[in-house]
K.L.:
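The structure follows.
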Amino acid sequence: MPATTYAIPLWDPPSVPIAGSNERFPVRHIFCVGRNYADHAKEMGGDAAKEPPFFFTKAADAIVPVVPPNVGRIRYPKATANLHHELELVVAIGRSAADLTPERAGECIFGYAVGLDLTRRDLQNDMREKKRPWDIGKSFAQAAPIAPIHRVSETGILAKGAITLEVNGVSRQRGDLADMIWDVAHTLAFLTKYYELLPGDLVFTGTPAGVAAVAPGDRLEGRIEGLTPLVLDIVA
């Protein structure tokens, strides 16, 4: 068969470095879980009731890999005056999965990373008030900075551990993975009722309380116990 040709130049697929390796994890799709920590649900105007999780997505090219000792640089995005940080545990999917039970969810996990769900909050709120999809507030260039992925064979299944974010050295977010309303296993089980997860997918699992605005000149330092931290600057 003739070689495939493309009408425009083919771009490099988004990918994330793997800790301790020269290999990279190609990113296919990004799923995100909304309001998965009780205190964050309250600060966003909801309650802590254990309702089924809900999901939204980001484009794969929102990924910005940040590898220490480098400090990432994120441009303050267009069309917003209220950019918020949301620090999250990211689950990398290594095997296809559909209709999972929580007991089997760990079978599809490739590894974990520290990630940020950056949100144009003013645009998100405007769309919510108009009862329109709020993708414009969540999916945009550089909306998903991420540190290197650690293989689950090295970390084990992560169910607890401190998750913290500092902005300019001041604590903003502080919690524990055990505080999730729905743990990773149940989150993946819910997600696979609606989608088939595929190798290369990333799942952002929700953020603790303390989300707030950042501005050009701010430095963000996100940490999850046992994983490579994520450090980046917001630039004009």
K.L.:
Val71 and Val66: which non-hydrogen atoms are nearest, and at how many Å?
P.N.:
C-CG1, 4.3 Å

K.L.:
Can you find a pair of side-chain heavy atoms, one from Met127 and one from Ile136, that are under 4.5 Å apart?
P.N.:
yes

K.L.:
Please report the interatomic distance CG(Leu202) to CD1(Ile149), rounded to the nearest 0.5 Å.
P.N.:
5.5 Å

K.L.:
Decide, yes or no, whether a salt bridge links Asp135 with Lys58 under the criterion of side-chain N to carboxylate O below 4.0 Å.
P.N.:
no

K.L.:
Determine whether Arg219 and Asp233 satisfy the following criterion, salt bridge (charged side-chain N to carboxylate O under 4.0 Å, His left out), listing intermediate values before the conclusion.
P.N.:
CA-CA 4 Å; Arg219 173 162 291 188; Asp233 292 335; 2.7 Å; yes

K.L.:
Would Ile30 and Thr57 count as a side chain to side chain contact (heavy atoms under 4.5 Å, CB included) here? Give the steps.
P.N.:
CA-CA 6 Å; Ile30 301 173; Thr57 65; 5.9 Å; no

K.L.:
With salt bridge (charged side-chain N to carboxylate O under 4.0 Å, His left out) as the criterion, how do Lys160 and Asp179 come out once you've worked through the C-alpha distance, each side chain's angles and the decisive distance to 0.1 Å?
P.N.:
CA-CA 8 Å; Lys160 61 181 180 179; Asp179 297 336; over 6 Å; no

K.L.:
Search all heavy atoms of Asn36 against all heavy atoms of Thr205 and return the closest pair with its distance.
P.N.:
ND2-O, 3.1 Å

K.L.:
Could you tell me whether the side chain of Pro52 reaches within less than 4.5 Å of the side chain of Phe190, counting heavy atoms only?
P.N.:
yes

K.L.:
Show the numbers, then the answer: is there a side chain to side chain contact (heavy atoms under 4.5 Å, CB included) between Val90 and Val114?
P.N.:
CA-CA 6 Å; Val90 182; Val114 178; over 6 Å; no

K.L.:
For the backbone of Lys138 and the side chain of Thr119, can you confirm whether one donor and one acceptor N or O come within less than 3.5 Å of each other?
P.N.:
no

K.L.:
Show your reasoning for whether salt bridge (charged side-chain N to carboxylate O under 4.0 Å, His left out) applies to Asp99 and Lys193.
P.N.:
CA-CA 5 Å; Asp99 297 314; Lys193 295 181 185 300; 5.9 Å; no

K.L.:
When the ring planes of Phe54 and Trp134 are compared, do they come out parallel, tilted or perpendicular, using 30° and 60° as the limits?
P.N.:
perpendicular

K.L.:
So do the side chains of Leu220 and Ile74 get within less than 4.5 Å of each other, counting heavy atoms only?
P.N.:
no

K.L.:
Do Thr164 and Gln173 have side-chain N/O donor and acceptor atoms under 3.5 Å apart?
P.N.:
no

K.L.:
If you apply the rule side chain to side chain contact (heavy atoms under 4.5 Å, CB included), what do you find for Leu197 with Leu191, and how did you get there?
P.N.:
CA-CA 8 Å; Leu197 290 176; Leu191 186 56; 3.7 Å; yes

K.L.:
Out of curiosity, Leu87 CG to Leu89 CG, how far, rounded to the nearest 0.5 Å?
P.N.:
9.0 Å

K.L.:
Quick one: which of Arg121, Arg128, Glu129 gives a side-chain hydrogen bond (donor to acceptor under 3.5 Å, both in side chains) with Asn125?
P.N.:
Arg128

K.L.:
Test salt bridge (charged side-chain N to carboxylate O under 4.0 Å, His left out) on Arg35 and Glu86 and set out the steps.
P.N.:
CA-CA 11 Å; Arg35 299 186 183 182; Glu86 300 187 22; over 6 Å; no

K.L.:
Using side-chain hydrogen bond (donor to acceptor under 3.5 Å, both in side chains) as the criterion, list what pairs up with Thr228, not counting sequence neighbours.
P.N.:
His150

K.L.:
Only counting residues at least two apart or in another chain, list the ones meeting salt bridge (charged side-chain N to carboxylate O under 4.0 Å, His left out) with Asp126.
P.N.:
Lys130

K.L.:
I want to check something: taking the side chain as every heavy atom from C-beta on, are Val33 and Met180 in contact at a cut-off of under 4.5 Å?
P.N.:
no

K.L.:
Measuring from Leu232:CG to Leu116:CG, what's the distance to the nearest 0.5 Å?
P.N.:
6.0 Å

K.L.:
Within the side chain of Thr192, is there an N or O that forms a donor-acceptor pair under 3.5 Å with the backbone of Ala189?
P.N.:
yes

K.L.:
Identify the heavy atoms of Asn168 and Asp218 that sit nearest to each other, and give their distance.
P.N.:
ND2-OD1, 2.8 Å

K.L.:
With a 4.5 Å cut-off on side-chain heavy-atom distances among I, L, V, M, F, W and Y, is there a chain of contacts connecting Phe56 to Leu118?
P.N.:
no

K.L.:
With a 4.5 Å heavy-atom cut-off, do Thr207 and Ile163 have their side chains touching?
P.N.:
no

K.L.:
Which atoms form the tightest heavy-atom contact between Tyr76 and Ala81, and what is the distance?
P.N.:
OH-C, 3.4 Å

K.L.:
Contact between Ser96 and Glu196 at the side-chain level, heavy atoms closer than 4.5 Å - yes or no?
P.N.:
yes

K.L.:
Counting distance only, does the side-chain N/O of Tyr112 pair as donor-acceptor with the main-chain N or O of Leu158 below 3.5 Å?
P.N.:
yes

K.L.:
Does the side chain of Arg120 come under 3.5 Å of the side chain of Thr80 through a donor N or O and an acceptor N or O?
P.N.:
no

K.L.:
Treating Gln142 as the side-chain partner and Arg75 as the backbone partner, does any N or O pair qualify as donor plus acceptor under 3.5 Å?
P.N.:
yes

K.L.:
Between Arg172 and Ala213, is there a donor-acceptor pair closer than 3.5 Å when you use the side chain of the first and the backbone of the second?
P.N.:
yes

K.L.:
If you draw the axis of the six-membered ring of Phe110, does the NZ or CZ of Arg95 fall within 45° of it and under 6.0 Å from the ring centre?
P.N.:
no

K.L.:
Without swapping roles, check the side chain of Thr187 against the backbone of Trp182 for a donor-acceptor pair under 3.5 Å.
P.N.:
yes

K.L.:
For Leu230 and Ala147, work out which heavy atoms get closest and say how close.
P.N.:
CD1-N, 3.9 Å

K.L.:
Below 4.5 Å, heavy atoms only, C-beta onward: do Pro13 and Arg28 meet side chain to side chain?
P.N.:
no

K.L.:
Same cluster or not: are Val167 and Leu83 linked, directly or through other Ile, Leu, Val, Met, Phe, Trp or Tyr residues, by side-chain heavy atoms under 4.5 angstrom apart?
P.N.:
yes

K.L.:
Decide if the gap between the ring center of Phe204 and the ring center of Phe31 is smaller than 6.0 angstrom.
P.N.:
no

K.L.:
Would you compute the distance between atom CG of Leu188 and atom CD1 of Ile93 and round it to the nearest 0.5 angstrom?
P.N.:
5.0 Å

K.L.:
To check you understand the geometry: which heavy-atom pair defines the closest contact between Tyr37 and Asp176, and what is its length?
P.N.:
CE2-O, 3.4 Å

K.L.:
Between CD of Glu225 and OG1 of Thr155, what distance do you get to the nearest 0.5 Å?
P.N.:
12.0 Å

K.L.:
Looking at side-chain heavy atoms only, is the closest gap between Pro65 and Ile63 below 4.5 Å?
P.N.:
yes

K.L.:
Any chance you could lay out the side chain to side chain contact (heavy atoms under 4.5 Å, CB included) test for Val27 and Val16, step after step, and finish with the verdict?
P.N.:
CA-CA 7 Å; Val27 179; Val16 182; 3.8 Å; yes

